[in-house]
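Taking it in order: structure first as structure tokens, then the write-up.
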Amino acid sequence: MQALIEIERLNLFYGSFHALKNISMDIPEKAITAFIGPSGCGKSTLLRSLNRMNDMIPGTSTHGSIKIAGADIYGKDIDVEALRKNVGMVFQQPNPFPKSIYDNVAYGPRLHGITSRHKLDEIVESSLRGAALWNEVKDHLKRSALSLSGGQQQRLCIARALAVEPDVLLMDEATSALDPISTLKIEELAQELKAKYTIVMVTHNMHQAARVSNQTVFFLNGEVVEYAETEKLFSNPQDQRTEDYISGRFG
Amino acid sequence: MNRLKNRIFTITVWTVALCVILFVFALLLLILERGFPSLTWDFLFGLPSEIEEGGGIGPALFNSFYMLFLSMVIAVPLGIAAGIYLAEFAPDNAWIAMVRICVEGLASVPSIIFGLFGIALFVEMFQLGLTILGGAASLAFLNLPVITRVTEEAIRAVPREWRHASFALGATHLQTIRRVLLPASMSAIITGLSLASGRAFGESAVIILTAGVTTSGVMWDFNLLSPGETLAVHLWYVQSEAIVPDAQQISQKSAAVLLFIVLAFNVVFRIPAWVRDFRIRKAA
């Protein structure tokens, strides 16, 4: 499989804290890559480096390179807004805007200059269908997004991310605030979406990584301990620490 | 024992609350009841009289609205812009911390200080005399720190998640402010504006010093350089200085009008926020 994201010797500091240590990896396109590891191991930090959301945390410095489709996203002439349009993100807590369902999904396209009602209607419908939410909300698109259940809100956030037609979708523990049934729906959705999108997910839940991902990366203290096909990593881990973690001895 | 304590506490809180509410309502009723029954259109829109009875409050009432409008035209854009700056762009350093303390301090400075500042600036330095312009600008200075503060607080109170969601969709900072932060903080900002307008409408010290205790004596005088006595000042003036025989009635009626308008502000300004909240809740 072709690598879409190439990370080379990435080091990241929060102030003087060395959060990511010399990370290099290739993330293949149109597949699900899961980042696992105990809290504070750097998996979310690496995820947020991929769309430069870490820029918003004062005192962060990043060294090394991350290339997405060949372009260095920390390069000088990179357009951060265009990068974030291309690399969508779904957060841990569902965070729809206090606007209608329609306006939530149309938010991104409108930012990027689409004003035609007809075109927006199309995008809203296809994005909501893409996020498996259309049938539940098509009759009340004008309702406030805050009236949806947690699981629906999270799928709305996925629809909102899809509406700007990204290539990459980052999911930062996107199911940790949801009930088991909603979690299952999101996992199924991720399985469908990987046909069109490159998905990188951070998860606390090892079973989730085992269920849905194609490759799994195990992080510990800011370093990559092991990166392998998911099946291989869980059935036959090469590193003792990986084995200890996935068998529940720590973390 | 704990249940008893709980009960006693609950009863105490309720009693105190009831007393406060009763007091406020009694005050409102007293003022409105004395003034309202004898209100006439002639009084509301008539010209004041210096010696005979039967004078109206027309020009003063007009000036109240006119000056409030002018002062808000100056203070609202500046205050909201300053609030946005402090909440979103200001670096986190000692200088900004000091600016913030100053804004906070200015928000609680007695209004007469702003009046003295207005005299120094408009009456003495610019040699304008007592004018509507000077009064409105001084009122704007009075409200500027309050509006700045309210805006900053309101924007800071917007959940971080919404801000992140917007940035993650490729929004610029400006787009995020315009499309997420301002709409989400609008009802808090509007509440602040309604408090500020009520304060400006009822303000007397600043106006007495910068716009005077007389009007030009004609209705609908939009001239910025006319003297600008407002209703609140008129109330003070008839009560303490005037020699008209019906000063007592005029002040009672003026008080009722003033009170009614300030109350109306508080209601009217909130209607958009209510509608918004209602629409969000209705959907829930």
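These numbers were taken from a predicted model, which means no experiment stands behind them. Convention: sequence-line order gives letters A, B, ...; per-chain numbering from 1.
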**Study point:** Selection from A:A82, A:A145, A:A161, A:P96 maximising heavy-atom pairs under 4.5 Å formed with chain B
**Key:** A:P96

Revision key, fill the gap. Pair count under 4.5 Å, heavy atoms only, with chain B: among A:R110, A:H140, A:Q92, A:R52, highest is A:R110

Point to revise | Enclosure of A:I181 CD1 (heavy-atom neighbours >12, cutoff 6.0 Å) | key: no

**Study point:** Distance (rounded to the nearest 0.5 Å) between A:E173 CD and A:F35 CZ
**Key:** 12.5 Å

**Study point:** Atom group of A:V90 that falls short of 4.5 Å from chain B, counting heavy atoms
**Key:** neither

Practice item. Count the heavy atoms belonging to other residues, nucleotides or ligands that lie under 6.0 Å from CZ of B:F222, then report whether that count exceeds 12. Key: yes

Practice item. Give the C-alpha distance, both sets of side-chain angles, the deciding distance and a yes or no for side-chain hydrogen bond (donor to acceptor under 3.5 Å, both in side chains) between B:S111 and B:E203. Key: CA-CA 8 Å; B:S111 61; B:E203 179 54 40; 2.8 Å; yes

Practice item. May I ask you to check whether over 12 heavy atoms, not counting those of A:Y14, lie within 6.0 Å of atom OH? Key: yes

Review point. Mind checking which of residues 54-79 of chain A sit less than 4.5 Å from chain B, heavy atom to heavy atom?
Key: A:M56

Point to revise | Criterion side-chain hydrogen bond (donor to acceptor under 3.5 Å, both in side chains) on A:T183 and A:Q208, from CA distance to verdict | key: CA-CA 9 Å; A:T183 299; A:Q208 182 169 63; 5.7 Å; no

Review point. Tell me, side chain or backbone of A:R160 under 4.5 Å from chain B's heavy atoms, or both, or neither?
Key: both

**Study point:** Six-ring centre of A:F91, B:R163 cation under 6.0 angstrom, axis tolerance 45°
**Key:** no

Check your understanding: A:K196 versus A:L162: any side-chain heavy-atom pair under 4.5 Å?
Key -> no

